[in-house]
Amino acid sequence: MKNSLKVERAKLNITQQELAEKINVSRQTINSIEAERYVPSTILAIKISNVFNTTVNSIFIIEEDD
Amino acid sequence: MKQNLKNQFRMGLLSNNFKKIGLAISILAIAAQISLIFISQNESKTQKEIIKTICSSIFTLGLFIFAFSKEKFEDEMIYFIRMRSMALTLLFVIITGILSPILYIVFNETPTIRETQGFATTVILQYIATFYLQKMIKS
């Protein structure tokens, strides 16, 4: 699964730490999601999309092999 | 029934402070075992063996407390890593359980108390190593 979390974060000009604090996870978790090493749960994906005021689908893009 | 995320990830772990307590117990147990070599010259072999066994048990208990204490930030990724580490440890236990009786038959030996104790320690150490290695790789 691909994601545009880094781009969205850059648009809002917030750090990984700030985003982590907003959705109550560790900075390492945000880093892992951005690096596509970890796929977040539905709840976390919704929380992330709420921060950026957009839909889950526009941040997380499902690939054919998923 | 409504289930929230916190309840879903609840595992009944000890609080983060227990990590330090567990580590301290293990270090003290090792220190006691090392000091035993120098102090107890007059003790009999059986007494030494009893003290050694008790120290090893305390060491394993300390590791157990350390392994099953919460991380500073316990979120869903940590939960995922913990589950995977437990699965890998279970796999290790099953493989060892299958292989060790065969090895005991081949070498015509019977397991001793110390070996059983050592196995429990190895299992916990394997879990701790897998957990922190995965945590390092993920972040």
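Below, all heavy atoms of this structure are taken into account, side chains as well, without hydrogens, waters or symmetry copies. Throughout, a chain's letter reflects where its sequence line sits, starting with A, and its residues are numbered from 1.
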Practice problem: Name all residues meeting the side chain to side chain contact (heavy atoms under 4.5 Å, CB included) criterion together with B/I30; count only those two or more places apart in sequence or in a different chain, and write none if there are none. | Solution: B/I34, B/F59
Quiz item: In terms of hydrophobic clustering (I, L, V, M, F, W, Y; side-chain heavy atoms under 4.5 Å; direct or indirect links), are B/I27 and B/F18 co-clustered?
Solution: no
Quiz item: Any sub-3.5 Å donor-acceptor pair from B/E76's side-chain atoms to A/P40's backbone N or O?
Solution: no
Quiz item: In terms of hydrophobic clusters joined by side-chain contacts under 4.5 Å, are A/I61 and A/I48 together?
Solution: no
Self-check item: Most chain B-contacting option - heavy-atom pairs closer than 4.5 Å, from A/N31, A/V25, A/I30, A/I33
Solution: A/V25
Quiz item: Under a single-linkage definition using a 4.5 Å side-chain heavy-atom cutoff for Ile, Leu, Val, Met, Phe, Trp and Tyr, are B/Y132 and B/L88 assigned to the same hydrophobic cluster?
Solution: no
Quiz prompt | Distance in Å, B/E71 CD paired with A/S26 OG, rounded so as to fall on 0.5 Å steps | solution = 9.5 Å
Quiz prompt | Straight-line distance of B/F73 CZ to A/R27 CZ, nearest 0.5 Å | solution = 12.0 Å
Quiz item: Can you name the nearest heavy-atom pair linking A/R37 to B/I137, along with the distance?
Solution: NE-O, 3.4 Å
Self-check item: Step-by-step side-chain contact (heavy atoms from CB on, under 4.5 Å) determination, A/V39 to B/F80
Solution: CA-CA 10 Å; A/V39 178; B/F80 171 77; over 6 Å; no
Exercise. State yes or no: do B/F119 and B/L91 share one hydrophobic cluster built from I, L, V, M, F, W and Y residues joined by side-chain heavy-atom distances below 4.5 Å, directly or via other members?
Key: no
